[in-house]
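Since the model is a prediction, treat every value here as computed from it, not as a measurement. These values consider heavy atoms only, across backbone and side chains, with no hydrogens, waters or symmetry-generated copies. Note on naming: letters A, B, ... go to the chains in the order of the sequence lines (proteins, then strands), and numbering restarts at 1 for each one.
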Amino acid sequence: MSDHESDMRSSASPVLQFASRLAKKDDAGIAVALIVFLLIGATTNQYFMTSDNLFGILQNITFLGFLAIGVGLVLMAGEIDISIGSIFGLSAVCTALALRSEYGLVEAVCIGLMVGVVCGFLNAVFALAIQVPFVVITLATLGIYRALALVLADGRPVSGIKDNELFFDTFGQGGFGQLSYITLLFIIIAVVVELVLKKTSSGFRLLAVGSNPLAAKLVGYDVNRTRMMVLTFSGFLAGASGVCSVAYLRTAGPTAGTGYELSVLAAVIIGGVSLTGGRGSILGVMMGLAVIGVIQNLIVLWGISPNWTQAVSGIVLIAAMALAWFTRGGKGTTQ
Amino acid sequence: MNRVSQTSCLKIEGISKAFNNHQVLSDISLEIEPGEIRALLGANGAGKSTLIKILSGALVPDNGEIFVSGKPVQTGSIGAARSAGIAVVNQELMLFPDRSVAENIVAANISAKPFVFLSATSRRKMARQILDRLGSTVDVDQRLEDLSLSDRQFVEIARALCAGGDLLILDEPTSALSAVECDGLFKALKVLASQGTAIVFVSHRLDEVKELTDSVTILRDGKLEGNWETSSIDIEGITHAMVGDVEPTIRRRTGAKVDTNTVLELKNIETDILNDVSLSIKEGQIVGFAGLEGSGTSALLEVMGGVIPTKAGDLFLDEIPKSFKHVAEAIADGLVFMPPERKHGGLWLDRTSKYNIAAAFVQRLAPLKLLNDRKITQTSLARIEEVQVRTTALDTELNFLSGGNQQRVLLGRCLEQNPRILLLNDFTRGVDVKAKGLIHDIVVQLASEGMTICIVSSEFGELIQICDRIICMQKGQIVAEVAPEDVDDLALLRLASSTAT
């Protein structure tokens, strides 16, 4: 029916025709939104379009970005993970503590990554073992992992880490021109994940499981294994983000990453990932993230009180959903 | 509730409806008297569902009027239809699974009058009264999800009555019911009709239509083909009116293989449902399983397909013992299970035919293997040609295909899993006569090419038409085996339901 309506509209004018063709592309809506916000930024503030500012935005969304890739995949597989902010913090604290207690760099990085993997894996194991929804388990571990970080760091930021030129100066601060190594790493991961998702058997299965778990089971996919893998991978990315944050900040706060789940989920949903699973792309998630980054940046540039920052994700989320509702012709997401 | 009026209970005049310039209904008029049971028949796509949606107020007709007991009903309003006394019992039951039977039945009433206090006792009493009227013994305090499908159907009908329906529209109420449960339902419907309720009954099962209804309305391609007294038209006549001059291509299977090797052997299989089931199947046979709901026929197929685990017993494939922990393991050994519920389980309905067949293709691939889109397109195209779905449907979302086409896409997907033994569970449910014949032909053809096929069907006639042997089950046990030449529907029903065998 909505197809029919859009066809009717498209015969009206070539502009609308183009718009309706665009609207059928999955990531078109969010791309348009991103361009609109970039235009608003460019016209309202002369500093906005400078490369300093744009790379600044990119740097700001990098740490969230790792998490958003993971959560995006989890959502596409029809599940949810809200413990990622805590995994991020715990992993950062463990990496910093390892570095402070004279472990080598390789060991410290491995510890940080392993913490992420184990946390994500435990999320999946708990949820599958006692058969509760992932939202319940990750709500529980959101608290547990955060408390562990606080206990291990004794409630204070981990400081007094001996300098490590390779980790802090080269990896943490360096880059190609204004593109930092950490952001580059993030972009590479995003591209690889997108290719795996869209072009390989594993990605197909992930989306198929998210779209209809029962059909996936009957076709012979291992639904629980898929969920376990994707939760573990989400944990791994949260760990990687934590490790990178230590390199960037030279310290680790046990409360770092608090509230990240809100921004990350908002980015993922704005980016067009279906809440019921089965649909979405990493490109969309990245653009959703960019929209949030741009708006947070504009709040600063426009001199609006930073107290409003938290509201941004929420407002944009509702606006995006309203827009999507409008383009569907006023119908719910279920049909 | 039992208003006896002189005028007809339902009268519709000149109803038309078009979607996207496609005329789905044109100029439909009919009249139904109080106490009449009217069958509404037509092949898939004839316009039955659209007509029902218009009657229920879910769709606005382009033209035409609806009268209930002589009074015009505002079209396109579910509330207006309901308060006029039109009650629709849907194909997909619309009930609250975690609530009690009483709450479900009274729900429709509660929603009409806000803030009316209704004690649990009066609610139970009200529900009990209505269920008694239907002759159902369901406990009103039971949670709905604990009920069998047929009891839920009763609850749904009771709810429609509770909402004050004088005209009950049942959209394929029997598609999920076994023969005995259908009998119970029919008794209840006849009682209701004798009390003055008019009933519109939609079904693909023509023998039921003959048994239950007073009159028949047949739609074909959106047009009214005609009205008949049920007693004045036989099943061939109905089929002819439904599908036109195309003779249904159903034929009995010939040339069954007898002296082939045993391919699959089950010994003393036990599950929650199955009780000490032993069975051996020869290569290239079509084996039918006849049983009522809960008799274990579906469970047996699921065990063979690796969908549910066994508690005890052995399964031998080519005399090698097997124990499937996953569907994938069964598929790797050539046992492919085709699920019955294409709506809720079997298919990705919001995806294309190509996607659904590709899912089977991808299942064989190793992790992180690059997908070859050209190969996937070729493969899925070949499969949908094999199951005789038109090739333009390759990139069509399944929601836009008819039930018969969906079912064939599902069959195509199962074939893509290279079955040696194909396990078909109720594979023609909700499919029209023509599509059913096509599917039967495909299955018979596959068997003559050497594939072994196991079939569970709630339609025993279908088993008789295409199987080489039929195994009857009751309460998780095999109770009889018969040759299809020696039985008819009734005999099979007796074997599957009577305790004295």
Let me know if A:Val196 has heavy atoms under 4.5 Å from chain B in its side chain, its backbone, both or neither.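 The answer is the side chain of A:Val196.
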
Is there a side-chain contact between [X] and [Y] in this structure, where contact means two heavy atoms from C-beta onward sitting under 4.5 Å apart?
X        : Y        : result
B:Leu410 : B:Gln407 : yes
A:Ile87  : A:Asn123 : yes
B:Asp272 : B:Lys311 : yes

Contacting moiety of [X], where chain A heavy atoms sit under 4.5 Å:
X        : answer
B:Ile331 : side chain
B:Tyr355 : both
B:Asn356 : neither
B:Ala358 : both
B:Gln417 : side chain

Tell me, please, which residues at least two apart from A:Asp222 pass salt bridge (Lys or Arg N to Asp or Glu O under 4.0 Å).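 So A:Asp222 forms no salt bridge (Lys or Arg N to Asp or Glu O under 4.0 Å) with any residue.
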
Once rounded to the nearest 0.5 Å, what's the spacing between atom CD1 of A:Ile189 and atom CD1 of A:Ile282?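 The CD1 atom of A:Ile189 sits 11.0 Å away from the CD1 atom of A:Ile282.
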
Pair B:Glu416 + B:Arg413: basic N to acidic O under 4.0 Å: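 Looking at B:Arg413 together with B:Glu416, the answer is no, because their closest N to O distance does not fall below 4.0 Å.
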
Electrostatic pair B:Lys48:B:Asp171 at N-O distance under 4.0 angstrom: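 No, no charged N to carboxylate O under 4.0 Å.
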
Should the heavy atoms of other residues, nucleotides or ligands under 6.0 Å from NZ of A:Lys199 be counted, would the total exceed 12?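 Counting neighbours around NZ of A:Lys199, 12 or fewer heavy atoms of other residues, nucleotides or ligands fall under 6.0 Å, so no.
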
Quick check on the interface: out of B:Ala328, B:Ala360, B:Ala330, who has the most heavy-atom pairs with chain A under 4.5 Å?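 Result: the option with the highest number of such pairs is B:Ala328.
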
Below 4.5 Å, heavy-atom pairs only: which of B:Val362, B:Asn399, B:Val327 has the largest tally toward chain A?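 The residue among B:Val362, B:Asn399, B:Val327 with the greatest pair count is B:Val362.
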
Within residues 367-376 of chain B, residues adjacent to chain A where the heavy-atom gap is under 4.5 Å: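 Checking residues 367-376 of chain B against chain A gives B:Pro367, B:Leu368, B:Lys369, B:Leu370, B:Leu371.
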
Result block: side-chain N/O donor-acceptor pairs under 3.5 angstrom for residues 66-81 of chain A, not counting sequence neighbours:
residue : atom : partner  : partner atom : Å
A:Glu79 : OE2  : A:Arg227 : NE           : 3.3
A:Asp81 : OD1  : A:Ser83  : N            : 2.9
A:Asp81 : OD1  : A:Ser83  : OG           : 2.9
A:Asp81 : OD2  : A:Ser234 : OG           : 3.0

Residues in side-chain contact (heavy atoms from CB on, under 4.5 Å) with A:Val125, at least two apart?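 Residues passing side-chain contact (heavy atoms from CB on, under 4.5 Å) with A:Val125: A:Phe121, A:Met228.
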
